[in-house]
There are 2 protein chains.
Amino acid sequence: MEPIARRKTTKEIVYDQLKRSILSGELDPNQMMTETSLAESLHISRTPVREAVGDLTKEGLLIHIPRKGFKVRRIDEDDMEQILYLRISIEMRSVKMLIDHITDEELKKLDALIDEQQIAIQNNDRIRYIELDQILHRHLLKLSNQNILEQILQELYNLTRLIGHAAISKEGRMEEVIQEHREIVNALRERDEEKAADLMRHHLLTTASSVKKQREQLKNNKEKSDSLGGL
Amino acid sequence: MEPIARRKTTKEIVYDQLKRSILSGELDPNQMMTETSLAESLHISRTPVREAVGDLTKEGLLIHIPRKGFKVRRIDEDDMEQILYLRISIEMRSVKMLIDHITDEELKKLDALIDEQQIAIQNNDRIRYIELDQILHRHLLKLSNQNILEQILQELYNLTRLIGHAAISKEGRMEEVIQEHREIVNALRERDEEKAADLMRHHLLTTASSVKKQREQLKNNKEKSDSLGGL
DNA sequence: GCACTGTATTATGTATACAGTATAAGTGAG
DNA sequence: CTCACTTATACTGTATACATAATACAGTGC
């Protein structure tokens with residue numbers, strides 16, 4: 001039988017909700033929050049809040065400023081470089097480890113995920129698009145049976161998402177991503193290890209460079225509007 | 001004036017002490033402990049204990065078995081492979097990133113660390129030897145200014161140490177390590193990027209294979225004594 | 001007006017109490 | 001003796017209360 005889904009603890013609810021707010025970008029990185037303020041606004045005690053923010057801090061999504069509170073971490077160009085580098089290392093290995101024993105059924109599951117991602121784009125649902133991207137990449141790690149790498153990738157992926165939805169889901173780039181995903185899966189289907197690994201590297205590199213460009217774009221726009229607003 | 005060192009919180013003390021016990025191998029991986037039992041034996045309340053074991057669990061040093069308690073995680077061959085792979089990725093990049101701007105002073109600091117490590121071997125102080133190994137590798141990451149990679153390496157390093165002191169500080173291997181460390185630092189001094197990165201890779205690979213051999217050795221010995229004890 | 005000091009507020013760490021639930025222990029019937 | 005059912009024990013999650021220390025603030029004296 002399926003294991004019964006244990007009902008979520010308060011801590012988990014807080015954790016999920018907070019993480020969502022952080023990663024979706026709806027939480028202003030300048031705004032400070034404290035354990036107490038969060039607990040009060042959620043009408044619960046400090047205990048589960050404290051544990052949730054503690055975990056998020058350890059994951060690097062929040063930073064704690066003693067006696068001031070917590071705020072959302074910022075990611076800079078340099079951090080992104082490092083994350084990209086490691087993701088390439090991890091995901092290329094993942095591809096190589098899974099290619100020999102991936103089944104047809106599992107390949108179909110991957111196809112289905114990409115299909116769903118395409119639908120998300122058509123519906124203009126960027127949140128879902130990003131969610132599915134993560135599911136897809138993570139799923140590959142699972143299939144490769146590299147538990148430790150999977151854990152590290154998860155951390156890196158969360159940090160990646162601090163970059164902001166706007167920078168990730170750039171117009172036009174999303175369609176390209178779908179295409180690249182399909183090519184990777186096709187290479188897996190052909191059992192072409194070299195090709196698959198290479199496509200993965202390429203996919204991550206182009207995503208990174210797209211994010212970088214889009215980020216600069218957004219930054220410029222923001223500066224322009226800021227200076228206008230100052231007049 | 002020197003800033004006063006903030007006194008450690010109870011949680012930090014518990015965390016440090018527990019971590020030490022885990023990494024030094026003095027904590028039997030079969031033995032279960034609970035928040036309550038730990039709190040009682042330390043004569044403190046559950047709260048700081050709970051936070052400390054929570055953190056250690058997130059770091060992967062402890063595993064939590066619901067309704068049973070916590071125990072020290074075991075690392076298998078497969079995990080070691082993954083850790084090694086990632087450490088090579090990270091530390092080769094580290095070498096490449098720091099080689100252009102490392103100063104003579106910093107090189108001397110590295111020499112001093114290796115000297116100290118050599119003294120530890122002469123004093124047969126394996127704990128200190130391992131500690132210094134970690135400091136050295138971590139120091140290289142700091143010098144390379146790769147904060148995220150440094151954080152990940154720290155996690156990996158902790159997991160590495162779960163392998164056990166006996167397997168890491170094998171007789172004879174320690175002297176080789178010193179030699180390899182010196183060669184890496186010398187390559188840095190010569191600003192030979194290729195050589196330094198390659199020596200680092202080699203160093204990690206030979207360490208891993210030594211650990212693997214030693215581990216099998218220990219396992220065999222244990223089985224022999226177990227079967228004898230069973231008579 | 002400025003600096004210093006004492007006070008108030010607030011963030012945080014820790015202790016304690018309690019409730020819920022899963023496992024283990026115990027008890028009784030077949 | 002075994003199985004089912006009840007009871008008890010213990011692990012965990014959460015709330016609450018309190019102590020401590022750091023910051024903000026205000027008032028007083030120069």
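Keep in mind that the numbers below use all heavy atoms, side chains included, and drop hydrogens, waters and symmetry copies. Sequence lines set the chain letters: A, B, ... in the order given, protein chains first and strands last, and positions in each chain run from 1.
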Across the strands shown, which category fits [X] at heavy-atom distances under 4.0 angstrom: base, sugar-phosphate, nothing?
X	answer
A:T34	sugar-phosphate
A:T9	sugar-phosphate
A:T36	base

Between [N] atom [atom2] and [X] atom [atom1], what is the distance in whole Å?
X	N	atom1	atom2	value
B:Y15	C:dT14	OH	P	15 Å
A:L42	D:dA15	CG	C1'	15 Å
B:E40	D:dT12	CD	P	13 Å

I want to check one thing: is the phosphate of [N], taken as OP1 and OP2, less than 4.0 Å away from some side-chain N or O of [X]?
X	N	answer
B:H64	D:dC11	no
A:T47	D:dA15	no
A:R50	C:dT12	no
A:S45	D:dA15	yes

Can you tabulate the close N/O pairs, meaning under 3.5 Å, that link protein atoms to atoms of nucleotides 21-24 of chain C?
residue: C:dT21; atom: O2; partner: B:R67; partner atom: NH1; Å: 2.8
residue: C:dA24; atom: OP1; partner: B:K68; partner atom: NZ; Å: 2.5

Problem set entry | Candidate list A:V53, A:D55, A:L162, test side chain to side chain contact (heavy atoms under 4.5 Å, CB included), partner A:L61, passing option |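 For A:L61, the side chain to side chain contact (heavy atoms under 4.5 Å, CB included) test succeeds with only one of A:V53, A:D55, A:L162, which is A:L162.
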
Exercise. According to the Watson-Crick and G-U wobble definition with distances under 3.5 Å, which dot-bracket string, read 5' to 3', encodes DNA chain D, using [ ] for crossing pairs and | for pairs with another strand?
Worked result: ||||||||||||||||||||||||||||||

Exercise. Considering heavy-atom distances to DNA chain D, does B:M33 or A:I44 have its closest nucleotide positioned more toward the 5' end?
Worked result: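 So the residue in question is B:M33.
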
Problem set entry | Out of D:dA15, D:dC18, C:dC18, whichever nucleotide has its closest atom nearest the side chain of A:R46 |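 For the A:R46 side chain, the nearest candidate turns out to be D:dC18.
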
